[in-house]
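Single-structure report; data block below.
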Number of protein chains: 2
Amino acid sequence: MAKDHPTVLVVEDEPAQRDVLSYNLEAEGFEVVSTDDGEEALLLVAEIVPDIIVLDWMLPGISGIEICRRLKTRTETAGIPVLMLSARSEEVDRVRGLETGADDYVVKPYSVMELMARVRNQLRRVRPAATGQRLEYEGIILDAETHRVTRDEKPLKLGPTEFRLLSTFMEKPGRVWSREQLLDRVWGRDIYVDSRTVDVHIGRLRKALCAHGGDDPLRTVRGAGYALG
Amino acid sequence: MAKDHPTVLVVEDEPAQRDVLSYNLEAEGFEVVSTDDGEEALLLVAEIVPDIIVLDWMLPGISGIEICRRLKTRTETAGIPVLMLSARSEEVDRVRGLETGADDYVVKPYSVMELMARVRNQLRRVRPAATGQRLEYEGIILDAETHRVTRDEKPLKLGPTEFRLLSTFMEKPGRVWSREQLLDRVWGRDIYVDSRTVDVHIGRLRKALCAHGGDDPLRTVRGAGYALG
DNA sequence: TAAAAGCGTTACGAAACTGTCGCAAAAGGG
DNA sequence: CCCTTTTGCGACAGTTTCGTAACGCTTTTA
């Protein structure tokens, strides 16, 4: 029903490796999409907008390094963390890998635990709420671990949907989210609900946020969507 | 020279598998001893007295199942948790595995994270003090060593399941645990138990905690799970 | 070996939450 | 200033989630 699991895109040409990665990532509760093809990867990124990309260095066709470079030079995708995998261990490669903009670099053979830790580490930057962190904005504190929300020390009562909605806003204060983006993120990619439903929940969130007084921190951007602050 | 890291004995004949296991277990801070031979395993158990044994089902010479049987029928070794690994997935095997006294059973291919979690899970059973001897929260004191719980000096009567449930909560007061996470930690990953069963035990735990008066310290987080405080 | 305690499932009522609708209010555009 | 588009929001009915009592079964205890 609801989606709060981050999506990982795995780009790896060797099937066995790909399976191990998918299996373990899924077991950790991530939503995994994988491909063995560089071109397809670039298309998938635009389509599914993953929260993080795990990218093999060596690929048939476009190399991983090239994919990374392209992603990092496009503003829409530059923010997505890229974790490079490589069979080589030379220092040169590590440097080159990070030069192209990869956010982290893991040398094969790697410990699965280590890889998971690094994936989580990157996610912590992009999806703080999904990794159980504390978010704060203008006196509003959202603690993902305890599921508690307070405004100016006073506890707020939010339903599950309002909670996820607020988490999304607080991960990037100021960012404007369209109704469709919110439906994707808060409700789930494959669920159909009328986009006006978002309005209603925004309204409910507003009411909850202002329950003890204070300004409405949510901004309506006519024709575009909503934003926090 | 005190040994603060639990020792794991890995019995697995395929070198690649053995290496993966050792690597990941060591990365997790366990002390690992491994062998590919069943006879040697039996000798090693007597020698090093591991805290837990990870045992492959199929071995040249003595089978894993036979090793398990022998260990479980000797009183000195019966208490050591045995985690069975198997490439087969038939129900028959699962049943037979648990019949011989294995404490848990993992089917290949397994998630490394899952395996680690199960190892930790078994260890917790044997060394409840591993995380800390005495937990306290708001007048509730749980002594892992004596298996006793008091609230405001008054002793509480908890069943085994409620005890484990409470110790999970007290490990991280405030943290919200989903029903699935609780099933994992308190029950065990392999057995199918309806997730609603958690509710019932939460209810029982609540009743026990409030037996001598006082507020209900457990918080229900709709759509997410439960938390202490 | 009988009694007691503990366990997991089910059923059902209560409460909370959800999505949709309809209309009023607000915002833009010309 | 009026007309169109977009948004706010109360109301409502349907659905989901939760708490708990009851029950049969297994394990432990005396």
Side-chain angles (χ1 to χ4, degrees), chain A residues 1-4 147 149 155-167 169 176-188 190-211 215-228, chain B residues 95 98-99 101 103 125 147 149 155-168 176-211 215-227:
Chain A
M1 174 184 69
K3 173 202 164 182
D4 50 358
H147 264 251
V149 184
L156 303 183
K157 205 170 139 284
L158 301 184
T161 306
E162 282 79 54
F163 184 85
R164 269 179 267 130
L165 201 48
L166 182 59
S167 306
F169 283 124
V176 176
W177 299 81
S178 73
R179 287 181 175 71
E180 282 67 30
Q181 289 172 324
L182 289 171
L183 282 176
D184 264 14
R185 186 106 166 189
V186 176
W187 275 260
D190 39 358
I191 284 304
Y192 173 74
V193 283
D194 193 288
S195 101
R196 290 305 309 281
T197 298
V198 176
D199 299 16
V200 178
H201 281 275
I202 289 282
R204 287 169 182 163
L205 177 55
R206 281 190 164 123
K207 192 190 289 185
L209 285 171
C210 301
D215 297 347
D216 176 8
L218 294 180
R219 179 165 49 104
T220 302
V221 184
R222 201 182 163 82
Y226 300 93
L228 175 64
Chain B
V95 171
L98 295 175
E99 260 175 9
D103 299 272
R125 187 170 297 176
H147 241 250
V149 184
L156 301 183
K157 208 167 135 288
L158 299 185
T161 306
E162 282 80 50
F163 182 85
R164 270 178 276 143
L165 200 48
L166 181 59
S167 42
T168 300
V176 174
W177 301 81
S178 72
R179 286 179 175 70
E180 284 68 29
Q181 289 171 327
L182 291 172
L183 283 175
D184 277 2
R185 285 193 72 114
V186 177
W187 278 259
R189 283 149 227 264
D190 55 332
I191 302 296
Y192 171 73
V193 182
D194 193 290
S195 104
R196 290 304 309 280
T197 298
V198 176
D199 298 18
V200 177
H201 281 274
I202 289 281
R204 288 169 182 162
L205 177 54
R206 280 190 164 125
K207 193 187 289 185
L209 285 171
C210 301
D215 295 347
D216 177 8
L218 295 180
R219 176 167 53 109
T220 302
V221 183
R222 219 162 224 274
Y226 298 94

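Throughout, protein chains are lettered first and strands after them, A, B, ... in sequence-line order, and every chain is numbered starting at 1.
- In this entry the distance linking NE2 of His201(A) with C1' of dG19(C) reads 7 Å, nearest Å.
- Take the nearest nucleotide of DNA chain C for Tyr192(A) and for Asp194(B): the residue whose nucleotide is more 5' is Asp194(B).
- Taking each heavy atom of Asp216(A) and Leu218(A) in turn, the nearest pair found is OD1-N, 2.9 Å.
- Rounded to an integer number of Å, the gap from CG of Asp199(B) to P of dC12(C) is 17 Å.
- Taking only side-chain atoms of Val200(A), from C-beta outward, the nucleotide of dA21(D), dC21(C), dT10(C) with the closest atom is dC21(C).
- Using a 4.0 Å heavy-atom criterion, one finds that Phe163(B) contacts no nucleic acid atom at all.
- Between dT20(C), dT18(C), dG8(C), one nucleotide has an atom nearer to the side chain of Val193(A) than all others, and that is dT20(C).
- Relative ring orientation between His147(A) and Phe163(A) is described as parallel, the plane-to-plane angle staying below 30° on a 0-90° scale split at 30° and 60°.
- Within the 4.0 Å cut-off from OP1 or OP2 of dG8(C), at least one side-chain nitrogen or oxygen of Trp187(B) is found.
- Judged by distance alone, the side chains of Arg185(A) and Ser167(A) never bring a donor and an acceptor atom under 3.5 Å apart.
- As rounded to whole Å, 15 Å separates atom C1' of dT28(D) from atom NE2 of His147(B).
- Taking atom CD on Glu180(A) and atom C1' on dT6(D), their separation rounds to 14 Å, with Å as the unit.
- Considering Leu205(A), Leu209(A), Leu166(A) in turn, Leu209(A) is the only one that fulfils the side chain to side chain contact (heavy atoms under 4.5 Å, CB included) rule with Pro217(A).
- One atom, CD of Glu162(B), and another, C1' of dT20(D), lie 14 Å apart when rounded to the nearest Å.
- The side chain of Tyr226(A) contributes no N or O atom lying less than 4.0 Å from OP1 or OP2 of dT6(D).
- As a whole-Å value, the separation of Asp216(B) CG from dC18(D) C1' is 13 Å.
- Using a 4.0 Å cut-off, no side-chain N or O of Thr220(B) falls inside it from OP1 or OP2 of dT17(D).
- Dashed line: the shortest gap from a side-chain N or O of Arg196(A) to OP1 or OP2 of dT7(D) is not under 4.0 Å.
- Atom CG of Leu183(B) is separated from atom C1' of dG8(C) by 11 Å (rounded to the nearest Å).
- At a cut-off of 3.5 angstrom, counting only N and O atoms as typed in the model, there is a donor on one side and an acceptor on the other between the side-chain of Arg222(B) and the base of dT17(D).
- A donor and an acceptor atom sit less than 3.5 Å apart, one in the side chain of Arg204(A) and one in the base of dG19(C).
- Taking atom CZ on Arg206(A) and atom C1' on dA25(C), their separation rounds to 14 Å, with Å as the unit.
- In terms of phosphate contacts, Lys207(A) brings a side-chain nitrogen or oxygen within less than 4.0 Å of OP1 or OP2 of dG10(D).
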List the steps, then state whether side-chain contact (heavy atoms from CB on, under 4.5 Å) holds for Gln181(B) with Thr168(B). CA-CA 10 Å; Gln181(B) 289 171 327; Thr168(B) 300; over 6 Å; no
